[in-house]
Amino acid sequence: MTDFTYAVDADGVATITWDVAAKSMNVMSLAGFAELSGHVDAALADPAVKGVIITSGKKDFAGGMDLNVIAQMRAGGAQAIFDGVMQMHGVLRKIELAGMDFKTKKGGKPIVAALPGTALGIGLELPLSCHRIIAADNPKAKIGLPEIMVGIFPGAGGTTRLSRKLGAMMAAPFLLEGKLSDPKAAKAAGLIDEVVPAGDLLARAKEWVLAAKEADLVKPWDDKGYKMPGGAPYHPAGFMTFVGASAMVNGKTQGVFPAAKALLAAVYEGALVPFDAALRIEARHFTSVLMNPSSSAMIRSLFINKEALEKGANRPKVEDQTVRKLGVLGAGMMGAGIAYVAANAGIEVVLIDATQEAADRGRKHSEDLLDKGVKRGKVTAEKKAEVLGRVTATTDYAALQGVDLIVEAVFEDPKVKAEVTKKAEVAAPGVVYATNTSTLPITALSAASSQPENFIGIHFFSPVDKMMLVEIIRGERTGEVAVAKALDFVRQIRKTPIVVNDARFFYANRCIIPYINEGIRMVAEGVEPALVENAAKLVGMPLGPLQLVDETSIDLGVKIAKATRAAMGSDYPDGAVDEVLFWMADHGRLGRKANAGFYAYSDKGERQGLWEGLAAKYPLDKMQPSLADVQHRLLMAQVLEAVRALEEGVLTDIREGDVGAILGWGFAPWSGGPFSWLDMIGAARAVEICRGLTAQFGKRFHAPKLLVEMAEKGETFYSRFGGEKAVA
Ligand code: NAD
């Protein structure tokens, strides 16, 4: 294996080039680290070598650590992880000290990192150990430490080095939020040292190496009298920073993300000791995070499985279905959003509405979003013109000629939907036709079509430009080409797809509605609304159920409740919920849009706190439930629906169930998703919780057969259904 090559030029400058074979992006493996170490040893030992450039043979520098390797390291247990991490520290520290005598700080060789493009994770931690970081002026490049996003933190010295380089306060957005920057912004923030035209990168790196003085090789933290910028913990300013940071981290994460806490501890404790001890502290905290089931579940769902789904893990094996021209029917909130994301991805869009004004308004949505981008410097005027130029707003169905996919987003009314389906089929026969309905069964809607094999659901979430999940729904008669077309389209617009079978509310809404309902039910029972909301947040839900229904609007809840009741008849289980919902709606408390809901709002629409008037109608019970009981109700309401969806074959892959839950409705990301959470607590414990809840609250908490069977056999979801294996 060769991930790195080594060459020395006539001027005595060695270049170590990172270029992992058969991959478009460099990722670091343990073997790669060993190779890099060998080349550094060779350069330091060779008297002919004056200095070293570490660069990449690809357009980018590196995407990060190979997270599959982290999974393997974990298998060896805590000691193996710690030893492995300390070995990495050893290599990077060797680069940093570069052969110098530590006392006199003499005799080292300059080592520069030359970054042609993106440098993430270990792809920045390695440069941070070099004496200078020079990046090519490549505005598409992303530089940063995104580890926190998958439940870990920079554990190859990035945490210690960046906090010592920038100070805890300035390093916080990069470490705690995984903020990524383009090279110019990275230079402005002090993450890197220099940005040069792409063509000059290696020449400039060489120039720096040959001109470097001994003092240029000494990192501030290796110099006598080093003081952490902004102050170490016992300095008055540092004290303020760390007190503030602890509060901020806890406020943002509610204490449920172990990585954020561990990261902060590594920075704080590390700041109190010399650099090498700080690296050991970082390694200990990193090991403990890697051993925490939350990090493995997050890596599995948010990195490995999310990527697998995006690459088409469940795509039928049919020829490429890339979409070049898209028809969008209905230019309202959803249609306009779909048109924008498609045009932005280079797809021509015909945007149709019943009137030209409505169609134009839909196109204006793209213009507004592009203008925002221009204002923020993210979009150029040319790019704006180009994207907008791809959107044709019209009322004329004849303009659909030549489209290779149609997405319908007209009113949620089967009659209107049937009418536009027929019109579209005349204008563009044989084209795959997708409906964005959120509540109507796909199979029933496909009755209006003369080509049901081409009829499919592509369910976007609102706002379309921000929400990353797209639910693809197979109707009973949907064909393979339609599924592949939908998946290829979702890939083009760079979102994450899940493919589910047709059933009431598909997957995401099916799970989120019981969550909202359980919260409302508790209000009716006299549970303190603040307890409901905080219990949800403390278990990692981004919004409490009452805030969520305020955001999505209470009249929508009423509408869905009425339709569901009509469809289910006497089986309808949510009468207690409806009583509250209908009462709220009757009193004009329709949620955020009415400036009045479960929460009170200011005239400007700012949320003020829970609405006090609720207590007059639903007096608080003297005996309030425990936090854990409320959390179990809120979690189980969602999780049991996910298990039922799997049991009924609506979900066919638990990876989709987990990834879809986190991206679709923000299900406690620390858990890795509902199936990962169940695996974490174990099926037996889950069944026990269900039994307790059923005894108190009724059969909606009945443990599904599948869960009971798994509890009896001691199985986990990932052992039974995991990996590449489909469920069906
Ligand atoms: P909307 O009311 O904002 O937009 C609907 C648009 O369809 C309007 O512009 C209307 O003029 C147009 N329209 C109606 N009849 C038409 C016809 N015969 N021909 C052409 N255009 C016609 O609604 P929306 O929120 O964008 O929802 C659209 C669809 O997306 C619905 O099926 C809804 O269930 C679904 N959906 C909505 C959300 C959401 O959060 N709003 C989320 C997912 C899916």
Side-chain angles (χ1 to χ4, degrees), residues 327-341 349-366 391-400 406-428 433-442 444-446 448 455-473 486 490 495 498 500 504-510 512-513 516 543 548-560 562-564 590-593 660 663-666:
V328 179
L329 311 181
M333 187 166 89
M334 298 305 287
I338 296 164
Y340 168 72
V341 295
V349 181
V350 177
L351 180 58
I352 293 185
D353 207 297
T355 64
Q356 188 61 42
E357 292 75 37
D360 288 341
R361 223 178 302 127
R363 185 172 182 273
K364 173 91 177 10
H365 177 69
S366 290
V391 184
T392 308
T394 178
T395 57
D396 183 7
Y397 279 68
L400 290 176
I406 294 171
V407 177
E408 168 275 304
V410 299
F411 295 142
E412 189 75 337
D413 174 339
K415 270 199 218 123
V416 181
K417 295 220 187 266
E419 188 194 312
V420 300
T421 302
K422 292 204 169 92
K423 270 165 108 173
E425 275 184 15
V426 173
Y433 182 96
T435 173
N436 181 48
T437 180
S438 32
T439 58
L440 302 168
I442 304 302
L445 288 179
S446 77
F455 199 99
I456 192 165
I458 302 186
H459 182 212
F460 284 86
F461 295 81
S462 174
V464 177
D465 57 307
K466 298 240 163 63
M467 296 295 288
M468 295 314 292
L469 184 73
V470 178
E471 205 169 12
I472 294 171
I473 304 113
V490 173
K495 296 201 184 280
I498 62 171
V500 301
R504 180 177 303 284
F505 301 135
F506 318 130
Y507 174 60
N509 286 341
R510 172 187 183 142
I512 195 71
I513 291 172
I516 292 176
L543 300 184
L548 185 57
V549 71
D550 263 15
E551 296 292 335
T552 52
S553 96
I554 285 167
D555 48 332
L556 178 66
V558 167
K559 214 167 138 195
I560 293 175
K562 283 186 176 159
T564 314
L590 301 182
R592 175 185 282 285
K593 68 177 183 189
L663 299 189
W665 74 92

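Ligands are counted one by one from 1 in listed order, and the atoms in each one are counted from 1 as well.
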Exercise. Nearest heavy atom to atom 11 (O) of ligand 1: which of D353, V464, I352 does it belong to?
Worked result: D353

Exercise. Is the backbone N or O of V391 less than 3.5 Å from a side-chain atom of R363, with the two atoms forming a donor-acceptor pair by type?
Worked result: yes

For this session: With heavy atoms only and a cut-off of under 4.0 Å, state how V420 meets ligand 1: side chain, backbone, both or neither.
Result: side chain

Exercise. Would the number of heavy atoms belonging to other residues, nucleotides or ligands and lying under 6.0 Å from NZ of K364 be above 12?
Worked result: no

Exercise. Which atoms of ligand 1 sit under 4.0 Å from any heavy atom of A354?
Worked result: 20 (C), 21 (N)

Exercise. Of all the atoms in ligand 1, which lie at a distance below 4.0 Å from a heavy atom belonging to Y397?
Worked result: 19 (N), 20 (C)

Exercise. When you measure from atom 16 (C) of ligand 1 to each heavy atom in D413, V410, T552, which option holds the nearest one?
Worked result: V410

For this session: Measure S462 to ligand 1 on non-hydrogen atoms and call it side chain, backbone, both or neither using the 4.0 Å cut-off.
Result: side chain

Exercise. Any ion pair linking D353 and R361 (charged N to carboxylate O, less than 4.0 Å)?
Worked result: no

For this session: Report yes if the side chains of L329 and K423 come closer than 4.5 Å at any heavy-atom pair, otherwise no.
Result: no

Seminar exercise, completed: Honestly, for V416 the part within reach of ligand 1 (heavy atoms, under 4.0 Å) is side chain

Problem set entry | E408 side chain vs T421 backbone, donor-acceptor pair below 3.5 Å | no

Seminar exercise, completed: Honestly, for F460 the part within reach of ligand 1 (heavy atoms, under 4.0 Å) is backbone

Seminar exercise, completed: In this structure, CZ of F505 is separated from OG1 of T564 (nearest 0.5 Å) by 3.5 Å

For this session: Could you tell me whether E408 and ligand 1 have an N or O pair separated by under 3.5 Å?
Result: no

Exercise. Looking at N436, which atoms of ligand 1 are within less than 4.0 Å of one of its heavy atoms?
Worked result: 30 (O), 35 (C), 36 (N), 44 (C)

Exercise. Considering only heavy atoms of K417, which atoms of ligand 1 have at least one such atom less than 4.0 Å away?
Worked result: 31 (C), 32 (O)

For this session: Could you list the atoms of ligand 1 found under 4.0 angstrom from a heavy atom of T437?
Result: 32 (O)

